[in-house]
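The structure under discussion appears below in the form of structure tokens.
The structure displayed is predicted, hence computed values, not measured ones. Numbered from 1 within each chain, the chains take letters A, B, ... in sequence-line order.
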2 protein chains.
Amino acid sequence: MARKPRADMIAETRARLISAARHAFGTVGYAEASMDELTHAAGLTRGALYHHFGDKKGLLVAVIDQVDAEMTVRLRAVSHGAADAWTGFRDECAAYIEMALEPEIQRIVLRDGPAVLGDPWNWPIQNACIRSMTDDIGRLAKAGIIVPVDPEAAARLVMGATQHAAQWIAHASDPQAVSRKAIAAFNVMLDGLLLQPTQAH
Amino acid sequence: MARKPRADMIAETRARLISAARHAFGTVGYAEASMDELTHAAGLTRGALYHHFGDKKGLLVAVIDQVDAEMTVRLRAVSHGAADAWTGFRDECAAYIEMALEPEIQRIVLRDGPAVLGDPWNWPIQNACIRSMTDDIGRLAKAGIIVPVDPEAAARLVMGATQHAAQWIAHASDPQAVSRKAIAAFNVMLDGLLLQPTQAH
DNA sequence: ACATTGACATACGCAGCGTATGTTAATTGA
DNA sequence: TCAATTAACATACGCTGCGTATGTCAATGT
């Protein structure tokens, strides 16, 4: 019974370590997370950790990869389910704001990741998100829906504004009210991209 | 000779420690900066450091305060020297991008600061910059130059886009070309705020 | 002049990361 | 089927580096 191939055991070990690390990094943060406590919580020792991930940073990379993959799936689902390109783009921005509000994503991907690993422009992380948004904007520009603008530049500006807005909301005393204000201002800025602005704020 | 009052000696000690820390944090980063090396470079020991700043984080706070003060002065100079409110606002945004390109500011204020101290919405840092930009936008809205939008929300979105753009530029293989693209896209977004867009890209 | 405060140095303990070494179980080859 | 080898993990160690406790000496107050 329990005819488990070795590869599955290894995958499970890795998954448990990543899961424990994800929880620790997401709550107390990367710097405060102890490798001893982390591995113990996963029912393992630091030996397993260093065997699989090399060092603490390697573990962080693995965690970020996992979170980023989930983010990409969620974003794709949003943009694919939209009626037209423009609303799809807006929905994707809104979805990104909501994701950036989640403490785990905010802490691990948006703060500790860049601080520990260096800025994300090099590592694969977030490039998936950027690429997705860049493609959307490129299509919108080609279709003549928005003003001709460099797609990647626009995508990066939008993502920057989005992340900032999310952190602002997350730390506000009244997140609901601040969220409304941020979304309203955000829509104004996005309308600025349209060739025929709705001006329907 | 050298009739130095005690207060001046203390101020000089603090200044030397902050200066050494600023250099270390700005080059190798907060996590990799050793307090021993740092204080030794300043001709002192860790005793002085812990006496004045409490702990490593306290030193980081002091460094950030200093850098932030300089940033605020530079931004105010830019906005005060502009012909009209709108160009003043644009100049300020451009100045902020340029500042965010400086490695010291990018690393200490924009990356390590938030990661180590938590998000900046609570500490005084950057609030000066935010306040300055918020005031500008508020005046522009009151004067009917831009669409009615919550000033703080707009300021935060603009700053977010700005910081992101700066990091993009800083890590590009061709910073000049990327900078042009970013500025162009940025102006498009800002024009979206205007009631009578120039559309002169 | 003497007491006191405070600026700074010295010395110590301890946590935590990384590595070197050991142990056990699964896979390979004949 | 049974070595032999490889690889997954545990154990043990050293070292760096932060924070604190203690000591010293100069400057200020009376």
Exercise. Take atom CZ of R14(B) and atom P of dG6(C), then tell me their distance rounded to the nearest Å.
Key: 15 Å

Taking N or O atoms only and anything under 3.5 Å, show me the protein contacts with nucleotides 14-16 of chain D, one pair per line.
none

Exercise. Could you check how far CG of D36(A) sits from P of dC14(C), rounded to whole Å?
Key: 16 Å

Self-check item: Value in whole Å for how far the C1' atom of dT27(C) lies from CE of M9(A)
Solution: 15 Å

Practice problem: Take the protein atom CZ of R16(B) and the nucleotide atom C1' of dC8(C), then report the distance between them rounded to whole Å. | Solution: 12 Å

Quiz item: Within the structure shown, what part of the strands sits under 4.0 Å from A31(A) by heavy-atom distance: base, sugar-phosphate, or nothing?
Solution: nothing

Exercise. For DNA chain C, determine which residues of residues 42-62 of chain A have any heavy atom closer than 4.0 angstrom to one of its atoms, and list them numerically.
Key: R46(A), Y50(A), D55(A), K56(A)

Quiz prompt | Residue-phosphate contact under 4.0 Å: S34(A) side-chain N/O, dA15(C) OP1/OP2 | solution = no

Quiz item: Ion pair present between R76(B) and E70(B), side-chain N to carboxylate O less than 4.0 angstrom?
Solution: no

Quiz item: In whole Å, what is the span from the CG atom of D8(B) to the P atom of dT28(D)?
Solution: 11 Å

Exercise. Quickly work out the H40(A) NE2 to dT11(D) P distance and round it to whole Å.
Key: 11 Å

Quiz item: Would you say E104(B)'s side chain and G26(B)'s backbone share a donor-acceptor pair under 3.5 angstrom?
Solution: no

Quiz item: To the nearest Å, how far apart are E32(B) CD and dC18(D) C1'?
Solution: 14 Å

Self-check item: salt bridge (Lys or Arg N to Asp or Glu O under 4.0 Å) between R90(A) and D191(A), intermediate numbers included
Solution: CA-CA 10 Å; R90(A) 272 209 181 179; D191(A) 275 346; 2.9 Å; yes

Quiz item: How far does CG of L157(A) sit from OG1 of T162(B), to the nearest 0.5 angstrom?
Solution: 8.0 Å

Practice problem: Using the salt bridge (charged side-chain N to carboxylate O under 4.0 Å, His left out) rule, pick out the option among E102(A), E92(A), E98(A) that qualifies with R74(A). | Solution: E102(A)

Quiz item: Roughly, in whole Å, what's the span from CD in E37(A) to C1' in dC17(C)?
Solution: 14 Å

